[in-house]
Amino acid sequence: MNEHTTQRKVALVTGANKGIGRAIAEQLAALGMTVLVGARDPRRGEEAAAAVRAAGGDAHALALDVTAPATVREAARLVEERFGHLDVLINNAGITGSGQVAPQDAVDQIPSSVDLDMVRAVFETNVFGVIAVINAMLPLLRRSPAARIVNVSSHAGSLTLTSDPDGPFAALLPSAAYTPSKATLNALTVQYANELRKDGILVNAAAPGFVNTESNNHTGHLTPAQGAAVVVRLATLGADGPTAGFFSEDGPLPW
């Protein structure tokens, strides 16, 4: 079915089959958007999309592995074929590199002993994957009258916060993979925002907070829905909204 004439805004959320990504998809659908549930596993993506539809939303699964260029290109082709444009891109897919452990237990991230292959894997998803998806979807985003890109970052990506010896991150182990990947994602956000500002495409980074997800072994204190709120707010900014910013639900964050 071709939906080029749809009046709904079309949003793509990567890594949307669970956790924060799924909550983002649910909230965007509740606002009346057609949501494309990006997921590496098609079955899990379809399960998540079906749950959104069961709640009254318009959602469709989209097979998408941000580290596999062929699937990124195919996803862009399918969006082009079915919708002809894209209004919102949420780059949510990400990995910690340490598996399902609490941040204070991620001993394999300590800089002096880190495995470079792990660092490369984290950057492949959290940084290079974002570039691949944005660049593949940009032709479709340019067809939207008010395109928005939101990169899901982390408070850990703030050099100001993580370098404070008396700050909230002082008790955590130093990280040579996840934390630098999010700082890099923040820098990348600014550069895309600078390029796309003239086109009216707003690009911002969001820090959901310490959300209860598999990636931190369910040690977070916020629900996925709470973490999704700032992302959804940035995805629905008006024309006078900010770009090249870094925000939590409480407002701007220091770089």
Side-chain angles (χ1 to χ4, degrees), residues 14-15 19-21 23-24 89-98 101-112 114 118-119 121-131 134 148-195 197 202-213 215-217 219-224 226-235 237 241-255:
T14 66
I20 298 171
I24 294 167
L89 172 60
I90 310 294
N91 290 300
N92 167 75
I95 62 173
T96 67
S98 297
V101 300
Q104 61 268 26
D105 296 329
V107 295
D108 55 353
Q109 301 255 344
I110 294 174
S112 60
V114 72
M118 188 257 276
V119 179
V122 171
F123 271 71
E124 195 67 47
T125 295
N126 297 2
V127 178
F128 306 141
V130 171
I131 295 173
I134 292 178
R148 305 289 179 257
I149 299 174
V150 185
N151 296 327
V152 178
S153 184
S154 167
H155 287 77
S158 167
L159 298 180
T160 301
L161 295 178
T162 56
S163 63
D164 182 355
D166 300 315
F169 290 90
L172 298 182
L173 293 171
S175 163
Y178 178 76
T179 294
S181 78
K182 292 302 186 180
T184 304
L185 179 61
N186 287 350
L188 192 63
T189 299
V190 172
Q191 299 309 311
Y192 270 109
N194 288 343
E195 178 184 359
R197 183 182 278 108
L202 306 184
V203 188
N204 291 287
F210 194 32
V211 176
N212 184 326
T213 65
S215 65
N216 58 42
N217 199 29
T219 55
H221 60 271
L222 298 175
T223 66
Q226 289 172 319
V230 62
V231 180
V232 172
R233 179 165 59 82
L234 294 171
L237 289 172
T243 193
F246 180 30
F247 301 91
S248 71
E249 184 58 14
D250 297 326
L253 288 170
W255 296 112

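Computed over heavy atoms, backbone and side chain alike; hydrogens, waters and symmetry mates excluded.
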Is there a donor-acceptor contact under 3.5 Å from the side chain of [X] to the main chain of [Y]?
X      : Y      : value
Lys182 : Val152 : yes
Asp108 : Ser98  : no
Asn186 : Gly157 : yes
Asn126 : Ile95  : yes
Ser158 : Pro254 : yes
Ser181 : Phe123 : no
Asn204 : Phe246 : no

Nearest heavy-atom neighbours spanning [X] and [Y]:
X      : Y      : value
Ser153 : Ala205 : CB-CB, 4.2 Å
Val230 : Pro208 : CG1-CA, 4.1 Å
Pro111 : Ala176 : CA-CB, 3.6 Å
Ala93  : Gly15  : CB-N, 3.9 Å
Gly245 : Trp255 : C-CH2, 3.8 Å
Pro180 : Ala177 : CD-O, 3.3 Å

Between [X] and [Y], is any pair of side-chain heavy atoms under 4.5 Å apart?
X      : Y      : answer
Arg233 : Glu249 : yes
Arg148 : Leu237 : yes
Asn92  : Val231 : no

Practice problem: Please assess Asn151 against Tyr192 for the test side-chain contact (heavy atoms from CB on, under 4.5 Å), listing each intermediate value before the final yes or no. | Solution: CA-CA 11 Å; Asn151 296 327; Tyr192 270 109; 5.6 Å; no

Quiz item: Would Leu253 and His155 satisfy side-chain contact (heavy atoms from CB on, under 4.5 Å), going step by step from the backbone distance to the final call?
Solution: CA-CA 8 Å; Leu253 288 170; His155 287 77; 3.8 Å; yes

What is the distance from atom [atom1] of [X] to atom [atom2] of [Y], rounded to the nearest 0.5 Å?
X      : Y      : atom1 : atom2 : result
Ile24  : Ile20  : CD1   : CD1   : 6.5 Å
Thr179 : Leu172 : OG1   : CG    : 8.0 Å
Thr14  : Leu89  : OG1   : CG    : 7.0 Å
Thr243 : Leu234 : OG1   : CG    : 10.0 Å

